[in-house]
Amino acid sequence: MNSLKYQFKNAFKQADNALIQLIIINIAIFVILGVLLVFSTIFGFEGVFEAIYRQFTIPPRVGDFIMRPWTIITYAFTHSLSGLFHILFNMLILYWFGKLVQEYLGSNKVLSLYVLGALAGGIAYLLAYNLIPYYAAGLNFPGMVG
């Protein structure tokens, strides 16, 4: 238990630790948004939470995306708050496959693969929702997260 505490405490000080850093960032954003959701619900400011959460989700409409281009990266660090299983399984899969990539290609490749995967996923999402007629009919979809 002490080594786990040490790993989390010094995750950003250690070199070649991109995988653990990515997991910590994802979990931290999940917890921060979850706490914000709870407090906004308790105090009746659901609209404030929705406005903040919208800044992290990638919108399906190109016009909305042009107004929020940072969402091509932020959606990859944001996860659904509807339950813990979404973040749990995403982080488990990231850890398992990230360990393989880190072992064979190095820690820097984990970060590169994560960011490039986010960019490719975001572009594919935007193209699918705007070019495929089946999806284009549902452009009122709120957006995509992690």
Side-chain angles (χ1 to χ4, degrees), residues 7-146:
Q7 277 186 333
F8 281 116
K9 185 179 176 183
N10 295 315
F12 290 93
K13 294 179 184 175
Q14 297 174 354
D16 297 332
N17 203 18
L19 177 61
I20 300 300
Q21 291 171 355
L22 284 172
I23 291 172
I24 290 172
I25 290 169
N26 277 284
I27 291 173
I29 291 173
F30 180 80
V31 168
I32 290 168
L33 288 174
V35 168
L36 184 63
L37 174 63
V38 168
F39 281 113
S40 68
T41 303
I42 289 172
F43 295 114
F45 296 117
E46 291 90 2
V48 172
F49 172 76
E50 290 297 324
I52 292 170
Y53 193 70
R54 199 176 319 119
Q55 299 304 312
F56 289 92
T57 61
I58 188 167
R61 295 180 188 269
V62 175
D64 294 339
F65 172 72
I66 290 172
M67 299 300 290
R68 298 181 296 182
W70 57 87
T71 59
I72 194 93
I73 297 293
T74 58
Y75 88 93
F77 295 98
T78 310
H79 298 274
S80 174
L81 297 172
S82 62
L84 289 175
F85 288 113
H86 177 93
I87 186 85
L88 175 67
F89 288 121
N90 276 2
M91 293 305 103
L92 280 174
I93 290 169
L94 175 61
Y95 180 77
W96 291 331
F97 286 106
K99 277 292 193 190
L100 289 172
V101 172
Q102 187 173 7
E103 182 178 332
Y104 291 111
L105 300 176
S107 182
N108 290 336
K109 298 297 182 193
V110 172
L111 183 59
S112 298
L113 186 63
Y114 190 86
V115 172
L116 290 174
L119 291 172
I123 291 169
Y125 171 77
L126 286 169
L127 289 174
Y129 261 88
N130 289 286
L131 297 178
I132 299 173
Y134 177 78
Y135 294 115
L139 278 177
N140 58 356
F141 187 71
M144 178 175 72
V145 292

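- Here CG of L116 is found 9.0 Å from CG of L111. Values are rounded to the nearest 0.5 Å.
- Looking at heavy atoms from C-beta onward, L81 lies in side-chain contact with F49 at the 4.5 angstrom threshold.
- Contact between M144 and G121 at its shortest, heavy atoms only, is CE-O, 4.1 Å.
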Listed pairs under 3.5 Å, donor-acceptor, residues 25-39 side chains, sequence neighbours left out:
| unit_1 | atom_1 | unit_2 | atom_2 | d |
| --- | --- | --- | --- | --- |
| N26 | OD1 | H79 | NE2 | 2.9 |
| N26 | OD1 | Y114 | OH | 3.2 |
| N26 | ND2 | L22 | O | 2.7 |
| N26 | ND2 | Y114 | OH | 3.2 |

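- You'll find the side chain of V145 stays beyond 4.5 Å of the side chain of F56, heavy atoms only.
- Judged by distance alone, with hydrogens and angles left aside, the side-chain atoms of N130 form a donor-acceptor pair with the main-chain N or O of P60 at under 3.5 Å.
- Within 6.0 Å of CG in L84 there are 12 or fewer heavy atoms belonging to other residues, nucleotides or ligands.
- Side-chain contact between Y95 and M91 is absent, with no heavy-atom pair separated by less than 4.5 Å.
- Residues L126 and I123 are not in side-chain contact: their nearest non-hydrogen atoms beyond the backbone lie 4.5 Å or more apart.
- Summarising the geometry of A118 relative to A76, their closest heavy-atom pair is CB-CB, 3.5 Å, with the distance given to 0.1 Å.
- Distance check: E50 CD to T57 OG1 gives 9.0 Å after rounding to the nearest 0.5 Å.
- Here L127 contributes atom CG and Y129 contributes atom OH; the two are 13.5 Å apart, rounded to the nearest 0.5 Å.
- To the nearest 0.5 Å, atom CD1 of residue I20 and atom CD1 of residue I23 are 5.0 Å apart.
- How far CG of L19 is from CG of L113: 11.0 Å, rounded to the nearest 0.5 Å.
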Show me the donor-acceptor pairs, under 3.5 Å and distance only, between side chains in residues 64-73 and residues at least two apart or in other chains.
| unit_1 | atom_1 | unit_2 | atom_2 | d |
| --- | --- | --- | --- | --- |
| R68 | NH1 | R54 | O | 2.6 |
| W70 | NE1 | Q55 | O | 2.9 |
| T71 | OG1 | R68 | O | 2.7 |

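- Considering every non-hydrogen atom in both N17 and S107, the closest pair reads N-OG, 3.4 Å.
- Using a 4.5 Å heavy-atom threshold, the side chains of I93 and F97 count as touching.
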